[in-house]
*Asks:* 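I have a structure here, written as C-alpha cells, and I will follow up with some questions on it.
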Protein chains: 2
Amino acid sequence: MNKFGDLIRAKREEQEMLLRHLSAELDIDTAQMSKIERGERTAKREHVQQLVTIFKLNKAEAMSLWLADQVYAVVANEDEALKALIVAEKEVKYQKKVSK
Amino acid sequence: MNKFGDLIRAKREEQEMLLRHLSAELDIDTAQMSKIERGERTAKREHVQQLVTIFKLNKAEAMSLWLADQVYAVVANEDEALKALIVAEKEVKYQKKVSK
DNA sequence: TTATATTTGCCATTATTTGTCAAGTCATAA
DNA sequence: TTATGACTTGACAAATAATGGCAAATATAA
C-alpha cells in the first residue's frame, strides 16, 4: 500500500510539475523523491508538512494516509492483521477517552 | 500499550515461573526478558512462537497482541491515529478479498 | 540519434535496535 | 542488620536497518 506516494504523484502530475522541481523544493535528491512517490521509501514528517503546503492538501487527510502506509507495512502479510488493527483501534479510542 | 508483555508476565506469574527460567528457555538474557514483559523491547517472532508453546497460548490471540503493540507504537500520540488505522483496516480487508 | 525525465542499484553514512553486563532496587529471611 | 534472590536499570558495543547521494540504466518524446 502506498496511498501517500500515490497522492503526491497524482498532485504533482496534475500540476505538470517535474520530480526534480519538487525534490528541489524539499531539498532532497530526485531519486529520493521518486522512491517516496513509489513507496519505496517513507517521507519524513517534515516533508509531509512541506508537501501539504505545496499542494494545498488537507493536512489531516495527508497525515492519515502517510501513517496508514506505515501501519500497513507492520501488518502486511500477517494472518492476524485485522485483529491486531482492531486491538490497536480500541486502545486509541480508549486513550482518547481517558485523556479528556 | 504493552498487551503482549502483560500477557506473558501474567502467565509466567500464574505458573510461579522465574524470569531467569523463562529467559533460559528462550536462550536470552534475563534483562531482555524483563524488558520484553515490560514493553521496553519487542519480542522477536521466534520468541513469540516459543512463548505460545511454553504457556500453551492461543497463537492467533498472542500474535494479534504482539502485532497490535507494534501497530500502536506507530500511531501513538498521532492526531490522525484513528483515521490511519481505519484506512489500513480497509486495505487489509480489500487484500483479503482480492487474494481469494 | 539526442535530450530530458525518471528509475534503479549500489554503497557509504547515519540512525535505530539489540544483546550483554554490571550495578542498582526491592522484598524477605536469617 | 546483613545476606540472598528476583528483578530492573543504565550504559555500552555490536548488529541491523534506514537514509542520502551518486551514477548508470531505462524510458519517452522530438
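Predicted model only: the values in this text are computed from it and were never measured.
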*Asks:* Indicate the atoms forming the closest heavy-atom contact of A:Glu25 with A:Gln50, along with that distance.
*Replies:* O-NE2, 3.7 Å

*Asks:* N/O contacts under 3.5 Å, protein versus nucleotides 27-30 of chain C?
*Replies:*
none

*Asks:* Mind checking whether A:Met63 and B:Asp79 have side chains closer than 4.5 Å, heavy atoms only?
*Replies:* no

*Asks:* Whole angstroms only, please: what is the CE-P distance between A:Met33 and C:dA5?
*Replies:* 16 Å

*Asks:* Roughly how bent is the helix from C:dT1-D:dA30 to C:dA30-D:dT1 end to end, in steps of 10 degrees, with each end axis from five pairs?
*Replies:* 20°

*Asks:* Test your reading of the model: is there a side-chain donor-acceptor pair from A:Arg38 to the backbone of A:Ser34, 3.5 Å cut-off?
*Replies:* yes

*Asks:* Please give, in whole Å, the distance from D:dT19 P to A:Ile36 CD1?
*Replies:* 9 Å

*Asks:* Rounded to the nearest angstrom, tell me the gap between atom CG in A:Asn2 and atom P in C:dT7.
*Replies:* 12 Å

*Asks:* How far apart are the closest heavy atoms of A:Val87 and B:Met1, and which atoms are they?
*Replies:* CG1-CE, 4.4 Å

*Asks:* For the pair made of CD in A:Glu40 and C1' in C:dG9, what is the distance, rounded to whole Å?
*Replies:* 9 Å

*Asks:* In whole angstrom, give the distance that lies between atom CG of A:Leu26 and atom P of D:dT19.
*Replies:* 15 Å

*Asks:* Can you tell me if NZ on B:Lys35 sees more than 12 non-hydrogen neighbours from other groups inside 6.0 Å?
*Replies:* yes

*Asks:* Under 4.0 Å from OP1 or OP2 of C:dT6: is there any side-chain N or O of A:Ser34 that close?
*Replies:* no

*Asks:* Other residues, nucleotides and ligands only: do more than 12 of their heavy atoms fall within 6.0 Å of CG on A:Asn58?
*Replies:* yes

*Asks:* In the single-linkage hydrophobic clustering (I, L, V, M, F, W, Y; side-chain heavy atoms under 4.5 Å), do B:Met17 and B:Ile8 co-cluster?
*Replies:* yes

*Asks:* For the pair made of CD in A:Gln70 and C1' in D:dA18, what is the distance, rounded to whole Å?
*Replies:* 13 Å

*Asks:* Please list, for nucleotides 18-25 of chain C, all pairs of protein and nucleotide N/O atoms separated by less than 3.5 Å.
*Replies:*
from, atom 1, to, atom 2, distance (Å)
C:dG19, OP1, B:Lys44, NZ, 3.2
C:dG19, OP2, B:Gln32, NE2, 3.2
C:dG19, O5', B:Gln32, NE2, 3.4
C:dG19, N7, B:Gln32, NE2, 3.3
C:dG19, N7, B:Arg41, NH1, 2.6
C:dG19, O6, B:Arg41, NH2, 3.3
C:dT20, O4, B:Lys35, NZ, 3.3

*Asks:* Report yes if some heavy atom in the side chain of A:Glu37 is under 4.5 Å from a heavy atom in the side chain of A:Leu22; otherwise report no.
*Replies:* yes

*Asks:* In plain terms, say whether B:Glu78 and A:Arg45 are close enough for a salt bridge, that is, a side-chain N and a carboxylate O under 4.0 Å apart.
*Replies:* yes

*Asks:* Mind calculating the distance between CZ (A:Arg20) and C1' (C:dT7) to the nearest angstrom?
*Replies:* 15 Å

*Asks:* When you measure from the side-chain N and O atoms of A:Arg38 to the phosphate of C:dT6, is any distance below 4.0 Å, counting only OP1 and OP2?
*Replies:* no

*Asks:* Do A:Lys44 and A:Leu26 have side chains that get closer than 4.5 Å, going by heavy atoms?
*Replies:* no

*Asks:* Quickly work out the B:Met17 CE to D:dA6 P distance and round it to whole Å.
*Replies:* 14 Å

*Asks:* Are the side chains of A:Phe55 and A:Leu7 in touch, meaning some heavy atoms are under 4.5 Å apart?
*Replies:* no

